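Here the structure comes first, spelled out in structure tokens, and everything after it is commentary.
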Amino acid sequence: MHANKSSPLRKMDDGEADLTVDLYPFIREYKGGRVERFLRSPFVAASEDAAANRGVATRDVVVDENTGVSARLFLPSNAAAAAATGGERLPAIMYVHGGSFCTESAFCRTYNNYARSLAARAGALVVSVEYRLAPEHPVPAAYDDAWAALQWVASVSDPWLSDYADPGRTFLAGDSAGGNIVYNTAVRAASGGGTGNHVDIEGLVIVHPYFWGVERLSSSELVWDGVAMFTPEFIDRVWPFVTAGRLEKYDRRVNPLDEEVALLTCRRVLVAVAEKDSLRDRGRRLAARVRDCCAWADDENAVTLVESEGEDHGFHLYNPLRATSKVLMEAIVQFINQPTAMPLPAALLPELHELHACGGNKKPSAGDMGSCFPMLGVPTRPYMDVFGYGMAMKASSVPQGMTRTSCLHIGGLGRRASKTRYGLPLSHAI
């Protein structure tokens, strides 16, 4: 999501060479409706042979035959074996991939490998959702697909879910556009999705979420700093494209309302942001609003903000062996496996929400968002983009004015710590 240079257009046989939307290196749309996707990695087939798949069996399922929504399940063999012999059942993580609502797949190498690693490290049954993409299926189709997937997970109709998963430990997780989708799915779940079918969610994991709005939170949302992968101008053009212009730029689904944040009924939330990401302040604000708006967030471990120093959007996907990627994964694993908090009695929630309503002098300014979160340094190394996506984005960027901020947070609310270094070489990303 950044300013981009034009690359040569491929001449079409039918004469269609008119470019109507240019969001390179994500997607281009041509006159007549033809689309060309660039941000993608190769398809990886599912395999129930865990021994040949780093200890994780995978299987594809159809969630909704009418829409074609499907999912890939990831079952770690060791954790499954323990559950089958009377051990603790596995947490269930419904994962929604990123890609600006218009690219990538649960079945591609990038997200197959990430979900497999998450399942293995967390000892969790991961359900990675294959939702419909824009522009062929404009938003809100992706939200409807995620809701259908969550209802399917909650039904435990699949044998892996019924045999191994703990319905009381259901998590929603996603990155970028997927982070946006799981947040909105959690809001929908809190109200039963209009059907009265309330789905109990233990926690949310929201990584580098795509939220935006007309009002700018900081200078980095006004002027590109010459470093961030995405420019504000690029981000401005994504939402109108993926919604086919049907939803406003200030729509609650891309610019969350405090009133809806307060409706969340999950028991804890982890939000991860990257220091150089143009979207970072949106993620930090969401964490702050959850902390201030939700009655259950008074617990110091209820809201966790993880900020990766020196990193940009999605770095953990394209270089999982990077030190900061490992730290982020470990933070997520610990969050998933921390002891479950007892839910508040349902009868008390309306009263507590009223007492804890957002407003007054509790609202943080853009400058102090996340200031109550403890800080912990993490090691950084020169960025190695193993799939070449970041390099493509950098090559297409146009230098502009420079503005930078620097901060780092890892942990729940309450205790504050100073930054620490680990003696490893510090370097900025490319």
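Source: prediction; values computed, not measured.
- The heavy-atom pair separating Ile93 from Ala173 by the smallest distance is CG2-CB, 3.8 Å.
- Under the side chain to side chain contact (heavy atoms under 4.5 Å, CB included) rule, Glu311 has a single partner from Arg322, Lys276, His316, Glu275, which is Arg322.
- Ion pairing of Arg252 with Glu259 is absent here, as no side-chain N (NZ or NE/NH1/NH2) approaches a carboxylate O to less than 4.0 Å.
- Between the side chain of Thr20 and the main chain of Glu29, a donor-acceptor pair closer than 3.5 Å is present.
- Rounding to the nearest 0.5 Å places OG1 of Thr103 at 10.0 Å from CZ of Arg40.
- A donor atom on one side chain and an acceptor atom on the other are not found under 3.5 Å apart for Glu309 and Thr324.
- With hydrogens and angles ignored, the 3.5 Å screen pairs a side-chain donor or acceptor of Ser325 with a backbone N or O of Asn319.
- By the 30° and 60° cut-offs, the orientation of the rings of Tyr143 relative to Phe101 is perpendicular.
- Remark: Tyr95 pairs with Tyr114 by the ring pair (Phe, Tyr, Trp, His ring centres under 6.0 Å) rule, at least two apart or across chains.
- Taking the six-membered ring for Trp and thresholds of 30 and 60 degrees, Tyr24 and Phe38 have ring planes more than 60 degrees apart, a perpendicular arrangement.
- Evaluation of the side-chain contact (heavy atoms from CB on, under 4.5 Å) rule for Gln334 yields Glu330 as partners, not counting sequence neighbours.
- With sequence neighbours excluded, the residues satisfying ring pair (Phe, Tyr, Trp, His ring centres under 6.0 Å) with Phe211 are Tyr183.
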Item to complete: Check step by step if salt bridge (Lys or Arg N to Asp or Glu O under 4.0 Å) holds for Arg284 and Glu221.
Response: CA-CA 13 Å; Arg284 296 182 69 202; Glu221 293 190 354; over 6 Å; no
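- With rounding to the nearest 0.5 Å, the separation of OG in Ser220 from CZ in Arg280 is 4.0 Å.
- Taking a 6.0 Å sphere around CD of Glu65, one finds it holds 12 or fewer heavy atoms contributed by other residues, nucleotides or ligands.
- Counting only distance, with no hydrogens or angles, the side chain of Trp147 and the backbone of Ala189 share no donor-acceptor pair below 3.5 Å.
- Considering all non-hydrogen atoms of both residues, Ala177 and Ser100 come closest at CB-N, 3.8 Å.
- If you look at His137 and Tyr131, their ring centroids are not closer than 6.0 Å.
- Under the 3.5 Å distance criterion, with hydrogens and angles disregarded, a donor-acceptor pair is assigned to the side chains of Asn53 and Arg116.
- Here the side chain of Arg169 pairs a donor or acceptor atom with the backbone of Arg89 at under 3.5 angstrom.
- Looking at heavy atoms from C-beta onward, Ser128 lies out of side-chain contact with Phe107 at the 4.5 angstrom threshold.
- Distance alone, capped at 3.5 Å, is enough to place a donor-acceptor pair between the Arg216 side chain and the Gly213 backbone.
- Shortest non-hydrogen contact noted between Met229 and His313 is CE-O, 3.8 Å.
- In this structure a side-chain-to-backbone donor-acceptor pair under 3.5 Å is missing from Asp145 to Val69.
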Item to complete: Quick one: do Arg285 and Asp258 satisfy salt bridge (Lys or Arg N to Asp or Glu O under 4.0 Å)? Show the steps, please.
Response: CA-CA 11 Å; Arg285 185 174 73 165; Asp258 290 346; over 6 Å; no
